[in-house]
Amino acid sequence: MQKKAFILFALFICGAALVFTMTDPADVAVVGSAVPDFELQDMSGKIWKLSDLKGKTVLVHFWATWCTTCETENPTLQRLYEAEQGNQKFVLLSILVRDDMERAKAYMREKRFTFPVLADTKAVSVQFGLRGVPETFLIDKNGILRDKVIGPNVWDTAEVRAALAGFAAN
């Protein structure tokens, strides 16, 4: 019995050490701090670099085609994307997590969604401290994380659009 307890304790210590050494806390997105930079490719082959978007409010949305709550949330993202099309100070980037890009292309065609979809390299979701999908990060024009939304949200409301405009003004 003592041997089993010792083995369990040793496994716990190793697991805790692994968790704390997997990512440097300085490299994880924290509300009120600068977000880690990333460079990802979208479905059409365009390279997006977050640091190139300074001066703009950026909504970074992590999702997957197999995510049922993402399924209900994505139409509101599309409506927000369409409503903000003429706004040069706003960018919406969706990042596909633990999913197949070909499946995402078919999904986007079927749903007639046109917002950019970037393929996660796993490093980006780790940098952002992703726990699951959907998760959304709202970044101001200075590259500071202003809000993190865990779980689904309705993105095409007047309140959300006003908040995004406020991030651009600050």
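Note: hydrogens, waters and symmetry copies are ignored here, and every other heavy atom, side chains too, is used.
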Report task. For the pair E84 (side chain) and Y81 (backbone), establish whether a donor and an acceptor sit closer than 3.5 Å, ignoring hydrogens and angles. Result -> no
Requested in this report: Find the distance between OH (Y107) and CE (M101) and round it off to the nearest 0.5 Å.
Outcome: 14.0 Å
Query raised in the report: Can you hop from V133 to V154 via hydrophobic side chains spaced under 4.5 Å?
Result: no
Query - ILVMFWY cluster, I150 and L130 together (side-chain gap under 4.5 Å) - result: no
Query raised in the report: Just by modelled atom types, is the N153 backbone N or O under 3.5 Å from a matching donor or acceptor in the E73 side chain?
Result: yes
Query raised in the report: Between N74 and W63, is a side chain to side chain donor-acceptor pair (under 3.5 Å) present by the stated rule, with each step listed?
Result: CA-CA 9 Å; N74 281 343; W63 70 288; 5.5 Å; no
**Report entry** Residue from L92, L80, L93 passing side-chain contact (heavy atoms from CB on, under 4.5 Å) with F115
**Finding:** L92
Query raised in the report: Can you list the steps and then say if F38 with Q127 is a side chain to side chain contact (heavy atoms under 4.5 Å, CB included)?
Result: CA-CA 9 Å; F38 66 76; Q127 284 178 314; 4.1 Å; yes
Query raised in the report: Hey, is the main chain of K141 close enough, under 3.5 Å, to the side chain of T57 for a donor-acceptor pair?
Result: no
Query raised in the report: Should Q85 and N87 be marked as a side chain to side chain contact (heavy atoms under 4.5 Å, CB included) after you check the CA-CA gap, both sets of side-chain angles, and the distance that decides it?
Result: CA-CA 6 Å; Q85 278 293 157; N87 183 353; over 6 Å; no
Query raised in the report: Are L59 and W155 close enough, and set up right, to give a side chain to side chain contact (heavy atoms under 4.5 Å, CB included), and what steps lead you there?
Result: CA-CA 10 Å; L59 185 149; W155 294 105; 3.8 Å; yes
Query raised in the report: Applying the 4.5 Å side-chain criterion to the ILVMFWY set and letting contacts propagate, would F128 and L53 be lumped into a single cluster?
Result: yes
Requested in this report: Determine which pairs satisfy disulfide bond (SG atoms under 2.5 Å apart) with at least one residue from residues 55-125, sequence neighbours left out, and list them in order.
Outcome: C67-C70
Query raised in the report: When V58 is tested against each of L138, L50, L145 for side-chain contact (heavy atoms from CB on, under 4.5 Å), which residue passes?
Result: L50
**Report entry** side chain to side chain donor-acceptor pair (under 3.5 Å) between T136 and H61, intermediate numbers included
**Finding:** CA-CA 4 Å; T136 307; H61 179 72; 2.7 Å; yes
Query raised in the report: Would you say the side-chain atoms of Q41 pair up with the backbone N or O of W48, donor to acceptor, closer than 3.5 Å?
Result: no
Query - Donor on one side chain, acceptor on other, T76 and D156, under 3.5 Å - result: no
Query - Results of salt bridge (charged side-chain N to carboxylate O under 4.0 Å, His left out) for K105 - residues two or more places apart only - result: E102
Requested in this report: Identify which one of D42, L40, V117 satisfies the side-chain contact (heavy atoms from CB on, under 4.5 Å) criterion when paired with L96.
Outcome: V117
**Report entry** pair F137-V35: side-chain heavy atoms closer than 4.5 Å
**Finding:** no
**Report entry** Name of the residue among R146, K89, K56, K54 meeting salt bridge (Lys or Arg N to Asp or Glu O under 4.0 Å) with D140
**Finding:** R146
